[in-house]
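To find a chain, count down the sequence lines: A is the first, B the second, and so on, and within it residues start at 1. Everything numeric here is computed off the predicted structure, so don't read it as measured data.
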Protein chains: 2
Amino acid sequence: MRLTTKGRFAVTAMLDLAMRGGKNPVTLAGISERQDISLSYLEQLFSRLRRHELVESVRGPGGGYYLARPLAEVSVADIIRAVDEPIDATQCGGKENCLDEHRCLTHDLWTGLNAHIYDYLDNVTLATLVAKQDECKDKVLQDRRTSKITLAA
Amino acid sequence: MRLTTKGRFAVTAMLDLAMRGGKNPVTLAGISERQDISLSYLEQLFSRLRRHELVESVRGPGGGYYLARPLAEVSVADIIRAVDEPIDATQCGGKENCLDEHRCLTHDLWTGLNAHIYDYLDNVTLATLVAKQDECKDKVLQDRRTSKITLAA
DNA sequence: GGAATAGTTGACTGAAACGCTCGGGAATTT
DNA sequence: AAATTCCCGAGCGTTTCAGTCAACTATTCC
């Protein structure tokens with residue numbers, strides 16, 4: 001498991017898709033503008049997302065991307081797995097020939113940690129995030145209402 | 001939070017230190033040999049670990065490194081924080097001026113995920129890992145005893 | 001049919017990070 | 001003095017990141 005801004009971009013984009021995605025497909029151009037991510041970079045990311053069957057595409061005018069599955073069935077881990085293909089940090093390349101205690105050390109340690117991180121990220125779905133996002137939006141609106149704020153200049 | 005092989009190397013090295021560290025300091029040369037990590041690279045990693053006060057050094061013959069704290073007080077997150085200094089994935093650079101829903105989206109999402117991952121890794125200490133490692137060693141020995149094995153050539 | 005839209009693909013690029021080497025230190029022990 | 005070990009900085013080849021550019025195909029609308 002790797003964790004870089006690449007994965008973050010992908011999740012952000014997917015979340016944008018999740019929040020706009022009703023009947024109509026969402027264009028990359030729109031996501032690019034709203035989330036301030038380069039269009040061409042998005043194309044690369046979505047190319048991988050499509051190959052991993054997380055999204056479906058519609059070409060031509062009025063086209064764009066759909067989520068290929070219900071919100072609750074797309075986890076953050078899925079997305080990260082799709083764009084950040086994993087490297088094996090074990091020295092023996094995932095083979096089972098590490099009877100030596102030192103090898104076993106590196107090996108077991110990271111497969112274990114990986115498993116736990118995935119375990120967590122597997123249980124955070126787009127549905128979860130959308131729900132949180134709505135909370136956040138409400139909070140912002142509320143803050144505005146109580147006029148705690150802002151933009152002094 | 002970033003998660004790369006760099007952090008893994010550091011944790012592996014610290015675990016080696018944890019398992020050998022009694023009264024005597026442990027040399028980087030030893031860790032290098034046992035864990036098959038470049039000595040110079042280890043020096044760089046330990047330079048950061050020392051600056052973050054996770055280890056203490058003793059120079060001269062018979063010198064090496066000690067853990068600066070008890071096993072149970074060094075978490076995997078500490079180690080990763082020490083060697084992999086974090087990048088902020090938020091576009092506004094951690095500022096609080098993201099009232100806009102789009103900014104809030106990226107922002108809240110990743111700070112939340114980060115927090116959870118750290119939360120997990122903060123609770124995995126060297127003590128935890130050493131315990132697991134001992135289990136593993138026992139299992140290997142047991143496998144050898146029951147002669148399931150191995151090394152056919 | 002032709003134009004416009006929008007995805008699809010591939011090649012390429014500058015900058016950064018990774019993983020590592022090398023060389024020269026400075027402290028400490030024998 | 002010599003050996004050992006940590007300490008530090010400069011540099012280097014490779015990979016990945018993040019992004020650009022250009023050419024393409026499929027679809028819709030006129």
Selected nucleotide, minimal atom distance to A:R2 side chain, candidates D:dT16, D:dC6, D:dT20: D:dT16

Reading DNA chain D from 5' onward, which residue's closest nucleotide shows up sooner: B:P61 or B:R50? B:P61

Would you classify B:V26 as touching base, sugar-phosphate or nothing, given that sugar-phosphate means primed atoms plus P, OP1 and OP2, and contacts are heavy atoms under 4.0 Å? sugar-phosphate

Considering the options A:L49, A:L54, A:T125, which one meets the side-chain contact (heavy atoms from CB on, under 4.5 Å) requirement together with A:D78? A:L54

Distance, rounded to the nearest Å, where B:R51 contributes CZ and D:dC8 contributes C1': 9 Å

Figure out the CG/P separation between B:L3 and C:dC18, and round it to whole Å. 12 Å

Plane angle bin for A:F46 and A:Y65 - parallel if under 30°, tilted between 30 and 60°, otherwise perpendicular: tilted

So if I take every side-chain heavy atom of B:K6 and compare against C:dG7, D:dT5, C:dC18, which nucleotide ends up nearest? C:dC18

Under the 3.5 Å rule, do the base of D:dC6 and the side chain of B:E43 count as making a donor-acceptor pair? no

Report the distance from atom CZ of B:R8 to atom P of C:dC18, rounded to the nearest whole Å. 13 Å

What contact category does A:F46 fall into here, base, sugar-phosphate, or nothing, at under 4.0 angstrom with non-hydrogen atoms? nothing

Expressed in angstrom and rounded to an integer, what is the separation of B:Y41 atom OH from C:dA17 atom C1'? 9 Å

Could you check whether A:R8 pairs with A:D84 (Lys NZ or Arg NE/NH1/NH2 to Asp/Glu carboxylate O, under 4.0 Å)? no

Less than 3.5 Å between a donor and an acceptor, one on the side chain of B:Q44 and one on the base of C:dT21, is that the case here? yes

Would you say a side-chain N or O of B:S38 is under 4.0 Å from OP1 or OP2 of C:dT21? yes

Is the phosphate of C:dT8 approached by A:S57 (side-chain N or O, under 4.0 Å from OP1 or OP2)? yes

Does some side-chain heavy atom of A:Y120 sit less than 4.5 Å from a side-chain heavy atom of B:Y120? no

Please round to the nearest 0.5 Å and tell me the distance separating atom CZ of B:R34 and atom OG1 of B:T12. 12.5 Å

So what does B:S40 hit on the nucleic acid, given a heavy-atom distance under 4.0 Å: a base, only sugar-phosphate, or nothing? base

What integer distance in Å separates B:D84:CG from C:dA16:P? 17 Å

Quick one: A:N24 CG to D:dT28 C1', roughly how many Å, whole number? 14 Å

What contact category does A:L39 fall into here, base, sugar-phosphate, or nothing, at under 4.0 angstrom with non-hydrogen atoms? nothing

Would you kindly give the CZ-to-P distance between A:R59 and C:dA3, to the nearest whole Å? 20 Å

Need to verify one output field. Residue with the more 5' nearest nucleotide on DNA chain C, B:V83 or A:V58? A:V58

Calculate the interatomic distance between A:Y65 atom OH and D:dT27 atom P; express it in whole Å. 14 Å

